[in-house]
Amino acid sequence: ALLSGTPKRVDVIPSGSSRDLHSIAMRDSSHGVAVGDDGRAVSVSPSGGARIRTGTKADLLDVWVDVKRGLYWAVGAQGVILRGDGLTWKPEQSPVSVVLRALDGRGPQELWAVGDGGTILKRGPKGVWLPERIQGRPDLVAVTVTPRGEVLAADRAGGLWRRAAG
């Protein structure tokens with residue numbers, strides 16, 4: 001189920017999915033995509049959700065949207081990386097097979113994904129995902145990119161990691 005409502009009330013709206021959903025990205029105040037277990041993706045609108053085929057059965061753990069272009073990226077188990085327009089999805093070549101848990105960015109040419117074993121991926125200008133590793137290889141569970149382009153990641157043990165812009 002998805003939640004909707006007003007500042008004083010929250011309503012449940014149908015999601016079209018019986019599986020766990022892990023993340024939602026909204027391209028505007030009314031439309032977005034939620035992702036979850038078994039490769040589920042759900043188109044989100046004021047009337048509820050509608051299932052979207054992704055072409056994968058891997059659990060999807062995070063989704064990010066480029067609001068200017070209306071393009072979405074999702075990451076998950078087995079190193080899966082998907083790109084879509086909110087209705088259709090296509091896989092992108094992943095250089096890893098570990099679980100990717102989070103992604104964030106400032107645009108399609110500056111998109112970051114993090115995951116197990118200290119994995120950090122940066123999507124380059126030609127759409128190629130380039131791997132980096134963190135010393136000690138902690139499992140990374142969250143990532144954000146600051147307005148200045150610094151990349152911050154959090155690990156399972158409470159550690160924070162920072163990569164300078166550039």
Side-chain angles (χ1 to χ4, degrees), residues 1-3 10 15 17-27 32-42 44 49 52 54-84 86 89-166:
L2 298 167
L3 301 177
V10 177
S15 71
S17 177
S18 60
R19 302 288 185 181
D20 286 352
L21 297 174
H22 298 286
S23 181
I24 303 172
M26 300 296 290
R27 76 167 194 254
V33 169
V35 298
D37 288 352
D38 296 328
R40 298 290 166 109
V42 174
V44 177
I52 309 166
T54 63
T56 185
K57 289 288 187 184
D59 292 348
L60 298 174
L61 302 176
D62 201 10
V63 61
W64 178 85
V65 63
D66 177 353
V67 295
K68 291 180 186 174
R69 294 168 186 84
L71 295 174
Y72 296 84
W73 278 263
V75 296
Q78 303 164 358
V80 166
I81 303 172
L82 300 176
R83 185 179 94 182
W89 292 92
K90 293 186 179 193
E92 289 200 343
Q93 184 68 40
S94 176
V96 299
S97 59
V98 300
V99 175
L100 296 173
R101 299 188 178 278
L103 74 162
D104 193 31
R106 297 194 310 172
Q109 311 309 319
E110 194 173 348
L111 193 55
W112 297 84
V114 299
D116 290 357
T119 299
I120 300 176
L121 302 179
K122 180 182 183 193
R123 189 173 191 272
K126 296 183 181 182
V128 175
W129 289 88
L130 305 171
E132 297 184 13
R133 293 261 181 204
I134 285 186
Q135 188 177 29
R137 300 184 176 200
D139 288 346
L140 300 174
V141 296
V143 65
T144 191
V145 179
T146 70
R148 292 189 318 215
E150 294 174 312
V151 180
L152 300 169
D155 68 32
R156 286 187 190 274
L160 292 173
W161 303 83
R162 178 171 98 34
R163 182 185 187 281

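The shown structure was predicted, so the numbers you read here are calculated from the model rather than taken from an experiment.
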Which residues share a side-chain hydrogen bond (donor to acceptor under 3.5 Å, both in side chains) with Ser23, sequence neighbours left out: Asp62
Between Trp89 and Val33, what is the shortest heavy-atom contact and its length? CZ2-CG1, 3.7 Å
Applying salt bridge (Lys or Arg N to Asp or Glu O under 4.0 Å) to Asp104 and not counting sequence neighbours gives none
Nearest heavy atoms of Gly49 and Val42, plus distance in Å: CA-CG1, 3.5 Å
Under the salt bridge (Lys or Arg N to Asp or Glu O under 4.0 Å) test, residues paired with Glu150 that sit two or more places apart: Arg148, Arg162
Kindly write out the residues that satisfy salt bridge (Lys or Arg N to Asp or Glu O under 4.0 Å) with Glu132, not counting sequence neighbours, or none if the list is empty. Arg163
To the nearest 0.5 Å, how far apart are CH2 in Trp161 and CG in Leu140? 8.0 Å
Exercise: identify the closest heavy-atom pair between Leu121 and Pro131: CD2-CA, 3.6 Å
Show every salt bridge (charged side-chain N to carboxylate O under 4.0 Å, His left out) that has at least one partner inside residues 72-81, sequence neighbours left out. none
Residues in ring-ring contact (aromatic ring centres under 6.0 Å, His included) with Trp73, at least two apart? Trp64
Heavy atoms of Leu60 and His22 approach each other most closely as O-CD2, 3.4 Å
Straight-line distance of Arg40 CZ to Asp59 CG, nearest 0.5 Å: 10.5 Å
Examine distances only and state if a side-chain atom of Arg101 and a backbone atom of Ala142 form a donor-acceptor pair shorter than 3.5 Å. no
If you count heavy atoms of other groups shown closer than 6.0 angstrom to CD of Gln78, is the number above 12? no
Closest approach of Leu160 and Ala154, non-hydrogen atoms and distance? CD2-CB, 3.9 Å
Set of residues satisfying salt bridge (Lys or Arg N to Asp or Glu O under 4.0 Å) with respect to Arg83, sequence neighbours excluded: Glu92
Identify, with sequence neighbours excluded, every residue that meets side chain to side chain contact (heavy atoms under 4.5 Å, CB included) alongside Ala25. Val63, Val65, Tyr72
For Asp139, which residues count as a side chain to side chain contact (heavy atoms under 4.5 Å, CB included) partner, sequence neighbours excluded? Asp116, Arg156
Distance (rounded to the nearest 0.5 Å) between Asp37 CG and Leu21 CG: 8.0 Å
Look up atom CG in Leu61 and atom CG in Leu100, then write down how far apart they are to the nearest 0.5 Å. 8.5 Å
CD-NZ distance between Gln109 and Lys126, expressed to the nearest 0.5 angstrom: 11.0 Å
Rounded to the nearest 0.5 Å, what separates atom CG in Leu82 from atom OG1 in Thr56? 6.0 Å
